[in-house]
Protein chains: 2
Amino acid sequence: MPTIKDVARLAGVTVTTVSRVLNNRGYISDATRQKVYQAMEELNYQPNEIARSLHRRKSKLIGLIIPTVSHPFFGELAGFIEYYAHLIGYKVLICNSLLDRKKEKEYIEMLKSNRVDGIIMGSHTLEVEEYMNLNYPIVTFDRRISEEIPYISSDNYGGGKLATHLLIQKGCKKIAHISGNLQLQLLANKRSQAFIELSKEHGIESVIVETELNVFDITQYEAMIRNLLEKHPDIDGVFASSDVMAAYFIQIGYFLNRRIPEDIKIVGYDDIKLASLFVPPLTTIRQPIEEMAKCAVELIVRQVNEEPFERENVFPVELIERLTT
Amino acid sequence: MPTIKDVARLAGVTVTTVSRVLNNRGYISDATRQKVYQAMEELNYQPNEIARSLHRRKSKLIGLIIPTVSHPFFGELAGFIEYYAHLIGYKVLICNSLLDRKKEKEYIEMLKSNRVDGIIMGSHTLEVEEYMNLNYPIVTFDRRISEEIPYISSDNYGGGKLATHLLIQKGCKKIAHISGNLQLQLLANKRSQAFIELSKEHGIESVIVETELNVFDITQYEAMIRNLLEKHPDIDGVFASSDVMAAYFIQIGYFLNRRIPEDIKIVGYDDIKLASLFVPPLTTIRQPIEEMAKCAVELIVRQVNEEPFERENVFPVELIERLTT
DNA sequence: TTGTAGGCGTTATCAC
DNA sequence: GTGATAACGCCTACAA
């Protein structure tokens, strides 16, 4: 690959001059500018961003740590994050932690070594303290780490309320909530909290099941749900804390000959693109994924540029009523 | 951030020595080694990978260009690619072209400027020639560019045959194929080719519809399918060239009160994770996504290391018969 | 066993 | 207007 020196030599000038035309800085005669352009053209020169990054101590790189891009919700989130990052000249390094503590740590180290300008954390397997002294531009999804670190979340409590309320209003007598693991202090837990409070308030029987800790194996969903239906065959309403979980539920219901929504009503969370394609189309709580992604990128950039930013970024959710309720 | 100099100063040695213990090269007394380690610890030193990349002229970065990670198939592919890349110390830069020619070009330039070690191309909006003189370690999904560039694909023709054959064997009298755009010379077109040949061979009435060129807007799927069913209400079998398309079909069938599989049988392609969760669970042609991803990473690494590699990497497919046929 | 010096490709600060 | 030169942080001959 040709370097700036090659261009300089070919154009009969020094690297300084080439650099100048490259960055449009200072005065340059049209003549030399043309010569330089020509040389660049001829050599098919492309400035080495690595060298640039080293010099300016900015990589224009954002690290994104999530459980996995292959999960529809995170895939969509990652898609939008990359989209908005690209708009302002940032690149995205993806890291799939698979909810493995060791990998998550490794990735954080790796991203820092690579001097990314900021890290967007959508995976949280570590304890809060471990993130605290990260000392890096960072933004968090669904987790409050400290007073300084900004976070993004949907209105989890509100979403939980909307979902639970809908089930109750539709006449469910015994409702269940299926959720990811609740031990980690994630803001998503507020969905469960709302579920509990509301069912108690209305005097409705309720049950909660959760996945194991730090395991990203969606196959366990099936066992969990079958188990639930076996122990509580009289459940007639379910609030799943993700659309993927809801999909599992719908399917198991299909095999168990439970009609949806006649026998069991179900509402999901996220509103991934495929949710509207489920059969029957899924009633769910919509998170504004695109806006949240955009916000994440902005929060990183603001920190990089040392501009002021909001610490709490809670986005409104919306009940999308389709045919599973 | 502390640099190697800070470490050297604190440890009372020179940067050379620090670099040596860092890279385990040459002889070093245990005493100094310990001092250095201590200093690194104390400063929380992390070597600057940007500087390293600049020096060794290898970035350990792989660029991945796909239509979008938010599409389940590409999300899964990206997940596996990152997984295997990570295993051998490579990082992945994602680029969502959205099947936009301009973006795709931009991304290629960007990746070259960032001196990624190789590019995995899963998006193809440009003409073959434009990729030819890329002069870069590259591997392609589902497209044959030139004699030198390795490509990966599933056995598209075989898959098309399996799918079509199943429909015929199940007694379908008029079958349809819905597909992405067929103008680009993608290997995936062989699915259609097999569909055409087989239906002709068996004397079965058939029709093909495709999406528009260079548009990544899955909302057009719906119009396309509705249109198809309006024009050809007597269709009783469908081969969709992706599971997502199949999902659209299933849903539209649901709304139109066409029973699946009784009235219309449908088979998809890819076997994304959610395919088994559709209602009814989708019969589909499974691509070995994980193996293909692994292969892509290997092909890049082999090129980087100037090791020999296969140019043609066609993976076998498998018919996964579930309940839509 | 450890240190000195030059280079990786750019940009920024001075000069001229 | 243009050119030396010294960084950026790291690695590696070559010396010592």
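All chains are named by letter (A, B, ...) in the order of the sequence lines, taking the proteins before the strands, and each is independently numbered beginning at 1.
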Can you name the residues that form a salt bridge (charged side-chain N to carboxylate O under 4.0 Å, His left out) with B:Arg57, not counting sequence neighbours?
-> none

Taking only nitrogen or oxygen atoms into account, show me every contact under 3.5 Å that the protein makes with nucleotides 4-7 of chain C, one pair per line with its distance.
residue : atom : partner : partner atom : Å
C:dT4   : O4   : B:Thr16 : OG1          : 2.9
C:dG7   : N2   : B:His55 : ND1          : 2.8

Over 60° means perpendicular and under 30° means parallel, so classify the ring planes of A:His86 and B:Tyr107, tilted if in between.
-> tilted

Heavy atoms under 4.0 Å, any strand shown: does B:Ser19 hit a base, just sugar-phosphate, or nothing?
-> base

Along DNA chain D, first and last positions that approach a heavy atom of chain B under 4.0 Å = D:dC8 to D:dC14

Name every residue in residues 42-53 of chain B that has at least one heavy atom under 4.0 Å from any atom of DNA chain C, in order of residue number, or write none if there are no such residues.
-> none

Distance, rounded to the nearest Å, where A:Leu22 contributes CG and C:dA12 contributes C1' | 14 Å

Closest heavy-atom contact between A:Phe80 and A:Ile289?
-> CD1-CG2, 4.0 Å

Decide, yes or no, whether a salt bridge links A:Arg56 with A:Glu49 under the criterion of side-chain N to carboxylate O below 4.0 Å.
-> yes

Taking only Lys NZ, Arg NE, NH1 and NH2, and the carboxylate oxygens of Asp or Glu, determine whether A:Lys103 and A:Glu106 approach each other closer than 4.0 Å.
-> no

Which whole-number value in Å describes the distance from B:Arg56 CZ to C:dG9 P?
-> 14 Å

So, does A:Arg144 use its side chain to make a donor-acceptor pair with the main chain of A:Gln185 at under 3.5 Å?
-> no

Report yes if some heavy atom in the side chain of A:Leu64 is under 4.5 Å from a heavy atom in the side chain of A:Leu93; otherwise report no.
-> no

Given C:dA12, is OP1 or OP2 found less than 4.0 Å from the side-chain N or O atoms of A:Arg25?
-> yes

Whole-Å distance between C:dG9 P and A:Arg9 CZ?
-> 11 Å

Value for NZ (A:Lys58) from CZ (A:Arg115), rounded to nearest 0.5 Å, stands at 14.0 Å

Check every strand shown and say whether A:Leu54 touches a base, only sugar-phosphate, or nothing at a heavy-atom separation below 4.0 Å.
-> base

Closest approach of B:Ser97 and B:Ser123, non-hydrogen atoms and distance?
-> OG-OG, 2.7 Å

Rounded to the nearest Å, what distance is computed from the NZ atom of residue B:Lys58 to the P atom of nucleotide C:dG9?
-> 14 Å

Which side-chain N or O atoms in residues 134-141 of chain A pair as donor and acceptor under 3.5 Å with protein atoms at least two apart or in another chain?
residue  : atom : partner  : partner atom : Å
A:Tyr136 : OH   : A:Val116 : N            : 3.4
A:Tyr136 : OH   : A:Val116 : O            : 2.6

Who passes salt bridge (charged side-chain N to carboxylate O under 4.0 Å, His left out) against A:Arg25, sequence neighbours left out?
-> none

